[in-house]
Protein chains: 2
Amino acid sequence: MATVRDVAALAGVSISTVSRALSAPGMVSESTRERVEQAAKKLDYRPNPTARGLRVGRTTTLGLLVPDLENPFFASITKAVQSRGRTSGYAVLIADSDEDASQELELVSMLAAQVDGLVLASPRSSDVSLLAAVDGLPTVLLNREVDGLASLAVDNAGGVRQSLGHLRALGHRTVAAVSGPAGSWSGAERRRGLEVAGAELGVEVVDVGHFRPTFAGGVAAADLVAASGATAVLTYNDLQALGLVDRLRQRGLEVPRDLSVVGFDDVSVATLVSPALTTVQIPLAALGRGAVDLVVEQLDGGDDAPAPGRRRAAAAREDRELLDLEDAAPDGGGDRDDDLSDLAEDHLPQRSRLSVELVVRGTTSVPAAVA
Amino acid sequence: MATVRDVAALAGVSISTVSRALSAPGMVSESTRERVEQAAKKLDYRPNPTARGLRVGRTTTLGLLVPDLENPFFASITKAVQSRGRTSGYAVLIADSDEDASQELELVSMLAAQVDGLVLASPRSSDVSLLAAVDGLPTVLLNREVDGLASLAVDNAGGVRQSLGHLRALGHRTVAAVSGPAGSWSGAERRRGLEVAGAELGVEVVDVGHFRPTFAGGVAAADLVAASGATAVLTYNDLQALGLVDRLRQRGLEVPRDLSVVGFDDVSVATLVSPALTTVQIPLAALGRGAVDLVVEQLDGGDDAPAPGRRRAAAAREDRELLDLEDAAPDGGGDRDDDLSDLAEDHLPQRSRLSVELVVRGTTSVPAAVA
DNA sequence: ATGAAAGCGCTAACAG
DNA sequence: CTGTTAGCGCTTTCAT
C-alpha cells in the first residue's frame, strides 16, 4: 500500500499537505489539492485506518454483541446496525455470545479495546458486570436498561397488553404465558406487564415457566401449555411460538381451532408459516438504526472534550494520580489541559422506547368453548 | 486505559521488558515476569490493539462479506466465521452488500484496508473486479471460484444430482428448476449439473428463469412452475421453496400431493414449516469454519516472509520502484531485505469442496399421475 | 536478561 | 497556505 510519503513525493509536497488536502480540502490551495488528489488516485492511496486510529484515538469502529446470530431477530438487528454504522462512517465488529453470559463479558472486554462504541443487544449479564466491562465506553443497550447506560428498548408492557386485549376480545378468559430465559430483562418486563394487564382485563394468566427463546424451547413448552387449561398462549418470541404450534399439531391439536397463540417480535418467518403468526411487531430496523444513532450521539456529544478515547485515557490516568498521590512529577505529557469539572455528566444517558404493534394473523381466533 | 509506560513504571522496569514479559514470557526472568504481570493486572492493562497493529502490520481482524444477513444461510455462516475467528485469535468485521454487486466492491475495498484477511460469501462481482478489490489480501471465497483466489464451495452438481435422482425414483419425469440470481456462480453450477443429471436419468428439466433467492422470489416463480407441466420442482434455495409452497397453496395446489418440491441449503426454517422441506443439506458451520481456516492458513503460510501487511507494502513499493526506475536513492528505509524471488507463489491457492446430502422430508412424494 | 531507541503511518500543533 | 516536528502505544532491533 502506498503511504502519505509516496503521495507527497509524487505530488511534490510535504506529507502534512497530503494529509490536509485529503481530509481538510479547505485548508490548501486549489492547485495543490488537485495535484495531491491526482497523485493519490494514481497510487491508489488509502489512508491506513490503523495509523489514523492510533494518532486520533478513534477507530471508527463499533462493536455489536448479540446472543445468537441465527435468531432472525438479531440477524435483522445486526443488518440494520451494520447498515446504519456504515452510513455514519463506522465499521462494525460482531460478537456472538451464544446466549452465554460469561462469554458475553469476555467478548465485551475484547471489543471494548478496539472500538469507539458498543451496541449490546439483549445482554444477559448483571448490571454491575456490564458496567465494568464497558468501562466508560459509549454504549447503547438494546432491550435492556441499566442505570448509567443509554438504552433503546421496546414497549414490552404495551405489547403484552395489546396481545391480551385481543385475546380477551375474542373471548379468552385464561391464557398461558411461556417465559423466556430466566435472566431476560424484557422477559421480566413482559411478565410484569402481563400481571397488570391480566388484572385490568379480567383474564387469568398462568405462567408455564422459562424456556429457551428458540423453536426447541417452544416445543418443550407445548405440553405444559396444553395441560394448563388455557385457551390461548403468549410466547416469549416467534421462534417459540413456531415450536409450540408444531408440537401441538403433532399432538392433534389444531391452531387456532383448539388453541390461540400469539408470538412476539414479528421476525420474517412469522409470515412464512401457515397459519401465519399473530404477533407483536417490533420495528427491527429502527431498533438497530436507533442504537447506532445513540452511540454516535455520545461520540459526538463528547467532542467538546478531546477525542473520546484519549479523553477517557487522560481522565483515568488523572484519577489514578489523584488517588495514589504518587508520580507527582509531570512526565512530559502535554495533555494536562482537561478539566475535572467536565467529568460530571450533566445529561443522563438517554433511555428510549419504541412502540410496538400487534399484528393479527392466523393463529388467533374465538375459543372453541365460546364458538 | 493504562499503557505500557504505566505498567513499566509500576513494575520498575523498562517498557520493552513489559512488552516482552507479556508476549514472550520466555525471554525474561521469572521474577520480573511476575512483577510485570502483577502490575499489569493491578492497572487492568490491555495492550492497545491499534498500536500493536500499526507496529506489527497485523490487525488480527478478519473481514466477512455477505449478500444478506437476514438470509439464514448467511446468518449461519456469519455465526460460524465469527466463532472460529475468535478461537483463532481474530475479530471479525462484517459487511452486508444487500445483494448489490457495486456496493459489494466498495465494501470489500473498505474492509481490505483494515483487516488481515477476507472471507467473501457468494460474491456477485466479476472475477476481475474481485481480484482487484482484494488487492492481494489473503482471501477465501465461499460458494464461488475465481482463478488466483482460495475458495470453499459445496458440491452443487452432486446436490442437484441427488435431488433429481430422488425425484426420478419417485416417478417424476419432468421437473421444473427455478434459478437464483442471474450472476450466481453456484446457480450456474447447478444448472450445468442439472443438465447432465437430467440427461443421465432421463428426466426433462425445464428452467423457469431467474428469481431472487428469497421467499418473495419463490412466490414469484410459483405460477410459472405450475404452468410448466412439471410434477416436481427444484428451487435455488430453501427460502424460495417456502415462498413457492405458500403461493401454490393459495392457488389450491397442495404440496406434495400436486407438486413435489425440493430446496437447497437446509436452513433451519426448512424444518419449521409443515410439511417440512425436502432439501439438500449444506454443512453451514463447516463452511464458515473452513473459510476461516483457509484464511488463517494463508496468513501463517506467509510467515516466513515478514508480516503479511508489511510484506505486501514492501513488495508493492519495490514493484513501483522497479517500474518507474526513479527514486533511486535509498530513502532511509531499512527493510530492503525482501527477496523478489519469493514473489512467485509456488503453491496455488486452495480450492476445496464440501459434500452435501439430500435430506428427504415432507415436500416430495409420488406424482399424482403415477399414484 | 534488560534498556535505549527507532519507527509503523498518520494527524495536529507550531512555525514560518 | 505550507513544511517541520512531535508523538499516538506498541514491538523489535541493537547494544549492553
Side-chain angles (χ1 to χ4, degrees), chain A residues 1-9 11-33 35-36 40 43 45-60 113-114 306-307 309-314 317 331-335 337, chain B residues 1-9 11-36 40 43 45-60 113-114 306-314 317 331-335 337:
Chain A
M1 283 293 150
T3 79
V4 259
R5 261 120 99 133
D6 300 318
V7 179
V13 296
S14 75
I15 61 167
S16 35
T17 299
V18 172
S19 178
R20 285 189 199 106
L22 266 31
S23 56
M27 286 178 61
V28 299
S29 80
E30 184 64 15
S31 63
T32 55
R33 190 185 57 73
R35 246 170 341 123
V36 170
L43 299 178
Y45 168 72
R46 320 269 281 178
N48 178 328
T50 306
R52 188 212 293 278
L54 180 57
R55 177 64 241 238
V56 178
R58 275 182 179 235
T59 58
T60 58
Q114 46 197 316
R310 310 202 43 209
R311 178 68 194 74
R312 284 197 309 134
R317 197 177 304 126
D331 54 21
D335 53 351
D337 48 41
Chain B
M1 284 292 152
T3 79
V4 259
R5 261 120 100 132
D6 299 319
V7 179
V13 296
S14 74
I15 62 168
S16 28
T17 299
V18 173
S19 178
R20 285 187 198 106
L22 266 30
S23 56
M27 286 178 59
V28 298
S29 80
E30 184 64 15
S31 64
T32 55
R33 192 186 56 73
E34 260 181 24
R35 241 166 349 117
V36 170
L43 298 179
Y45 169 72
R46 321 269 279 175
N48 179 329
T50 305
R52 189 212 294 277
L54 180 57
R55 176 65 239 240
V56 177
R58 277 182 178 236
T59 58
T60 58
Q114 44 197 315
R310 309 203 45 210
R311 178 70 193 72
R312 286 197 308 134
R317 196 178 304 126
D331 55 21
D335 52 351
D337 50 39

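Below, chains carry the letters A, B, ... as their sequence lines are ordered, and counting in each starts from 1.
- Taking for each of B/Ala51 and B/Gly26 the nucleotide of DNA chain C with the nearest heavy atom, the 5'-most of the two is the partner of B/Gly26.
- Computed from coordinates, the A/Leu54 CG to D/dC10 C1' distance equals 8 Å when rounded to whole Å.
- The shortest distance between the side-chain N/O atoms of B/Arg52 and the OP1/OP2 oxygens of D/dG9 is not below 4.0 Å.
- Not a single donor-acceptor pair, N or O on each side, falls under 3.5 Å between the base of C/dA1 and the side chain of B/Thr17.
- Side-chain proximity of A/Arg20 to C/dT2, D/dG3, C/dC10: nearest is D/dG3.
- The distance from atom CG of B/Asn48 to atom C1' of C/dG9 is 15 Å, rounded to the nearest whole Å.
- The distance from atom CE of A/Met27 to atom C1' of C/dA15 is 13 Å, rounded to the nearest whole Å.
- The interatomic distance linking B/Arg58 (CZ) with D/dT12 (P) rounds to 11 Å, in whole Å.
- Closest approach of B/Val18 to B/Val13, counting heavy atoms only: CG2-CG2, 3.8 Å.
- Considering every non-hydrogen atom in both A/Pro49 and B/Ala113, the closest pair reads CD-O, 3.5 Å.
- Closest to the side chain of A/Val56, from the set C/dT2, D/dT2, C/dT11, is C/dT11.
- Within 3.5 Å, a donor on the side chain of A/Ser16 pairs with an acceptor on the base of D/dT4, or the reverse.
- Closest contact between the side chain of A/Arg55 and the listed nucleotides D/dT4, C/dC10, D/dT12 involves C/dC10.
- Within 4.0 Å (heavy atoms only), B/Ser29 reaches sugar-phosphate atoms of the nucleic acid but no base atom.
- Residue A/Thr32 is in sugar-phosphate contact alone, with no base atom involved, counting any heavy-atom pair closer than 4.0 Å across all strands shown.
- Here D/dC10 presents its P atom at 11 Å from CE of B/Met1, a figure rounded to the nearest Å.
- Taking the side chain of B/Val13 as heavy atoms from C-beta on, and the options C/dG3, D/dT4, D/dC10, the nearest nucleotide is C/dG3.
- Residue A/Ile15 contributes atom CD1, which lies 11 Å from atom P of D/dT5 at whole-angstrom precision.
- Here the closest heavy-atom approach between residue A/Arg20 and residue A/Val28 is recorded as CB-CG1, 3.8 Å.
- Among the heavy atoms of the strands, none lies under 4.0 Å from B/Thr50.
- Annotation for B/Thr3 and B/Tyr45: closest pair C-CE1, 3.5 Å, computed over non-hydrogen atoms.
- Computed from coordinates, the B/Arg33 CZ to C/dT2 C1' distance equals 16 Å when rounded to whole Å.
- Remark: P of C/dT2 and CG of B/Leu22 are 14 Å apart, rounded to the nearest angstrom.
- Scanning both residues, A/Leu54 and B/Ala51, for their nearest heavy atoms gives CD1-CB, 3.8 Å.
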